[in-house]
Structure formats: C-alpha cells, structure tokens
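One structure is given below, encoded as structure tokens.
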Amino acid sequence: MMFANDAAASRYELRRGDELLSVLDYRDNGTDVALVRAFTNPAHRGHGYAAVVTERAVEEIAARGDRTVSPVCWYVADWFRDHPDRQELLAAR
C-alpha cells in the first residue's frame with residue numbers, strides 16, 4: 001500500500017497500485033488541520049483502510065510539529081478517542 005498527501009486536492013490517499021482504497025480530506029489553515037471526511041471505496045470497506053489512512057495522516061501532521069488537529073469527521077473523532085496517546089495533537093476547544 002502507498003500513502004500520499006495530495007496537497008493540491010487537500011486529501012491524504014491510500015492506494016494499492018493504481019487503485020484508490022481510502023481517502024481523508026482535510027483543510028489546513030496554517031496552524032490547524034481539520035480532518036473533515038474519511039472515505040473508503042465501498043469495494044474495500046471492512047479491511048481497516050480508513051484507520052490506516054487516518055493513522056498515517058496523524059503521523060505526518062505530528063512529524064511536522066507545527067499544526068494541531070481538529071477531528072471534524074466522526075470517524076477521525078472516534079479514532080482519537082481510541083488513541084489517547086495522540087490527544088496532544090488536538091486543537092483546544
């Protein structure tokens with residue numbers, strides 16, 4: 001599987017070859033990255049691809065070290081709830 005940040009489309013992508021498995025759309029305002037929609041191709045649902053694309057996106061944002069995260073998407077909010085070790089990345093509410 002290949003993970004990539006398609007900055008022109010404002011989305012993270014998870015692919016296998018040319019096939020798009022899952023995407024995570026975002027909006028980056030320079031200080032905060034709002035993760036707004038996780039979507040998995042219906043033919044590939046149930047294999048954990050949304051979790052993979054979310055985890056890798058969070059890892060990339062954390063590695064930058066200059067952004068917080070706003071989990072707008074319910075799936076991403078649930079992912080953060082299940083990963084308390086990543087709470088420090090969340091934007092203050």
Side-chain angles (χ1 to χ4, degrees):
M1 286 185 290
M2 185 184 83
F3 171 80
N5 179 356
D6 183 350
S10 295
R11 74 181 191 180
Y12 295 100
E13 299 179 342
L14 189 64
R15 293 180 174 272
R16 182 174 37 225
D18 291 335
E19 190 171 20
L20 185 63
L21 302 174
S22 190
V23 298
L24 179 56
D25 295 328
Y26 66 87
R27 302 294 173 260
D28 185 345
N29 69 11
T31 58
D32 183 72
V33 180
L35 300 177
V36 297
R37 184 183 76 112
F39 178 79
T40 298
N41 181 325
H44 299 292
R45 290 183 179 157
H47 298 285
Y49 297 132
V52 173
V53 75
T54 301
E55 180 175 4
R56 291 185 184 178
V58 168
E59 288 173 359
E60 182 174 295
I61 295 165
R64 287 188 60 162
D66 64 350
R67 304 280 196 278
T68 57
V69 174
S70 292
V72 176
C73 170
W74 67 267
Y75 182 87
V76 176
D78 285 353
W79 186 92
F80 271 98
R81 183 198 65 224
D82 295 341
H83 293 84
D85 57 312
R86 292 304 204 168
Q87 300 296 308
E88 79 281 355
L89 292 172
L90 293 175
R93 291 186 176 199

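When reading the values below, keep in mind they use all heavy atoms of this one structure, side chains included, and skip hydrogens, waters and symmetry mates. What you see is a predicted model; the values in this text were computed from it and never measured.
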Listing, residues 49-62 side-chain donor-acceptor contacts under 3.5 Å, not counting sequence neighbours, or none:
| residue | atom | partner | partner atom | Å |
| --- | --- | --- | --- | --- |
| Tyr49 | OH | Arg16 | NH1 | 3.2 |
| Thr54 | OG1 | Ala50 | O | 2.8 |
| Glu60 | OE2 | Asn5 | ND2 | 2.9 |

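For Asp18, there are no side-chain hydrogen bond (donor to acceptor under 3.5 Å, both in side chains) partners two or more places apart in sequence or in a different chain. With sequence neighbours left out, Asp85 forms a salt bridge (charged side-chain N to carboxylate O under 4.0 Å, His left out) with no residue at all. Here Ala91 pairs with Asp32, Thr68, Ser70 under the side chain to side chain contact (heavy atoms under 4.5 Å, CB included) rule; sequence neighbours left out. With sequence neighbours excluded, the residues forming a salt bridge (charged side-chain N to carboxylate O under 4.0 Å, His left out) with Asp78 are Arg81, listed by chain and number. Residues that satisfy the ring-ring contact (aromatic ring centres under 6.0 Å, His included) test with Tyr12, not counting sequence neighbours, are Phe3, Tyr26. Every residue was checked against the salt bridge (charged side-chain N to carboxylate O under 4.0 Å, His left out) condition with Arg86, not counting sequence neighbours, and none meets it.
Within the 4.5 Å cutoff, no side-chain heavy atoms of Val33 are placed close to those of Arg27.
Applying the side chain to side chain donor-acceptor pair (under 3.5 Å) definition to pairs two or more places apart or across chains, those involving residues 33-46 are Glu19-His44, Ser22-Thr40, Asp25-Arg37. Applying the salt bridge (charged side-chain N to carboxylate O under 4.0 Å, His left out) definition to pairs two or more places apart or across chains, those involving residues 2-12 are Arg11-Glu13. Under the ring pair (Phe, Tyr, Trp, His ring centres under 6.0 Å) criterion, the residue pairs touching residues 54-85 are Trp79-His83, with sequence neighbours excluded.
Connectivity analysis of hydrophobic side chains (ILVMFWY, heavy atoms under 4.5 Å, direct or indirect) links Val36 to Val72. Val23 belongs to a hydrophobic cluster whose other members, connected by ILVMFWY side-chain contacts under 4.5 Å either directly or through intermediates, are Leu20, Phe39.
Expressed to the nearest 0.5 Å, how far CG of Leu21 lies from CE of Met1 amounts to 7.0 Å.
Pairing each heavy atom of Asp28 with each of Gly30, the nearest pair is OD1-N, 2.8 Å.
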